[in-house]
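What follows is one structure encoded as structure tokens, with my remarks underneath.
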Amino acid sequence: MAEPITLVQHIKNTGREHPEAAAELSQLAGLLGDVAAVGKTISREVNKAGLVELLGLTGEVNVQGEEVKKLDDYANDTIIKALERSGHVCVMASEEVPDPIPVAAGYEGPYAISFDPLDGSSNIDVNVSIGTIFSIRRKTTAGPAGTAEDLLQPGRTQTCAGYIIYGSSTILIYTAGFGVHGFTLDQSIGEFLLSHPDIKIPAKGKIYSANEGNYNYWSEGAKKYIDYVKQVDKATGRPYSARYIGSLVADFHRNLIYGGIFLYPMDYKDPAKPKGKLRLLYEASPMAFIVEQAGGDASTGAEKILDIVPTGLHQRVPLIVGSKEDVELAEKFVQGKV
Ligand code: AHG
Ligand code: MN
Ligand code: MN
């Protein structure tokens, strides 16, 4: 049997195969190694959360106006502490923090990182899969300190993106622009080992994932698309199966492996202020980079997620992501072309 490949070995090997990117990948290896180490720590806490009273609400409200749970705080603090003196990043953005997070003076590195420390937090108390999402861009501004400008670059400028899913096992998925690769945490040796090399999402799936409780707040096009996937038509593989966990990482991960489409469409509850729910910087953009690298697609319905120029750290967008043919058809429905 071949020797198992660790995450850092994998990135370095990719650098050997792509000499033009070797310097970048070698710098990234350091940062990804830190992210993986933090993932192991969070994974440990997630697993024992029920035992140590980390479960439950802190009673505080985050910048999004949502209740913050203790594990969100823990994950947020752990990531910031691990990276602020790592020498790999110059500025950070977190779902749990309103403004850009500076790093310690003298420790500025070449990357700006955005993260969702704990995604799917409504599932923490019920032992359902949750995750951590990250998005890495190269600093573009002058001087050592990073700024909001370094974080607010379109998704296409991402150097690397990934997520860690704390499920029946802990898996880290990443792309650095050379395909999508998955590593499973071997708890006995504390290493992420390559388990899902070069993941490709099927061009068309049989699963749709959406919070259909919001159906009446959607556009006519989004409603028609969901009606469409439920119709019976053997030739196009309909009806699709409904699968919705309520953790983006878990819903995305399942669809990445099996094929399918995830939709969190524009919400017209207040017709004067239509809004998306998922955050561009640390939810939609990293998933869009990963899915495109796996052969899939990601859109708001009106434009590709990776083309959006961010205007705010916590900007929300509608998200349609998954198998390419499914996303393209959903876009047509949303645009009123079908
Ligand atoms: P977070 O827990 O980081 O705030 O993210 C929650 C997100 C995402 O994980 C999921 O796809 C979506 O919210 C679920 O929203 P609904 O509960 O409205 O379906
Ligand atoms: Mn989230
Ligand atoms: Mn979160």
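Both backbone and side-chain heavy atoms feed into the values below; hydrogens, waters and symmetry mates do not. Computed from a prediction, not measured in an experiment: that's the story for all the values here. In listed order, ligands and their atoms are each counted from 1. Numbers here simply count residues along the sequence, with the first being 1.
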Review point. With no hydrogens and no angle check, do the side chains of Q158 and S135 hold a donor and an acceptor under 3.5 Å apart?
Key: yes
Point to revise | Within less than 2.8 Å of the Mn ion (ligand 2): protein N, O or S atom count | key: 3
Point to revise | Test applied, side chain to side chain contact (heavy atoms under 4.5 Å, CB included); reference residue, L281; option that passes from H314, R137, Q315 | key: R137
Exercise for review: Check whether I257 and V128 end up in the same hydrophobic cluster, where Ile, Leu, Val, Met, Phe, Trp and Tyr are linked by side-chain heavy atoms less than 4.5 Å apart.
Suggested key: no
Exercise for review: Before giving the answer on ring-ring contact (aromatic ring centres under 6.0 Å, His included), spell out for H196 and F183 the whole-Å C-alpha distance, their side-chain angles and the decisive distance to 0.1 Å.
Suggested key: CA-CA 6 Å; H196 298 69; F183 299 77; 9.3 Å; no
Exercise for review: Measure across K277 and R316 and return the closest heavy-atom pair with its distance rounded to 0.1 Å.
Suggested key: O-NH1, 2.8 Å
Exercise for review: Using distance alone, with no hydrogens and no angle criterion, decide if D198 and H181 have a side-chain donor and acceptor under 3.5 Å apart.
Suggested key: no
Review point. Donor-acceptor pair, D267 side chain versus W218 backbone, under 3.5 Å?
Key: no
Revision key, fill the gap. Using heavy atoms and a strict 4.0 Å limit, residues surrounding ligand 1 turn out to be E66, E95, D116, L118, D119, G120, S121, N211, Y244, G246, S247, L248, F262, Y264, K277, L278, R279, E283
Check your understanding: Can the ring centres of F333 and Y228 be said to be less than 6.0 Å apart?
Key -> yes
Review point. Do Y240 and D326 get their side chains close enough for a donor-acceptor pair, meaning under 3.5 Å?
Key: yes
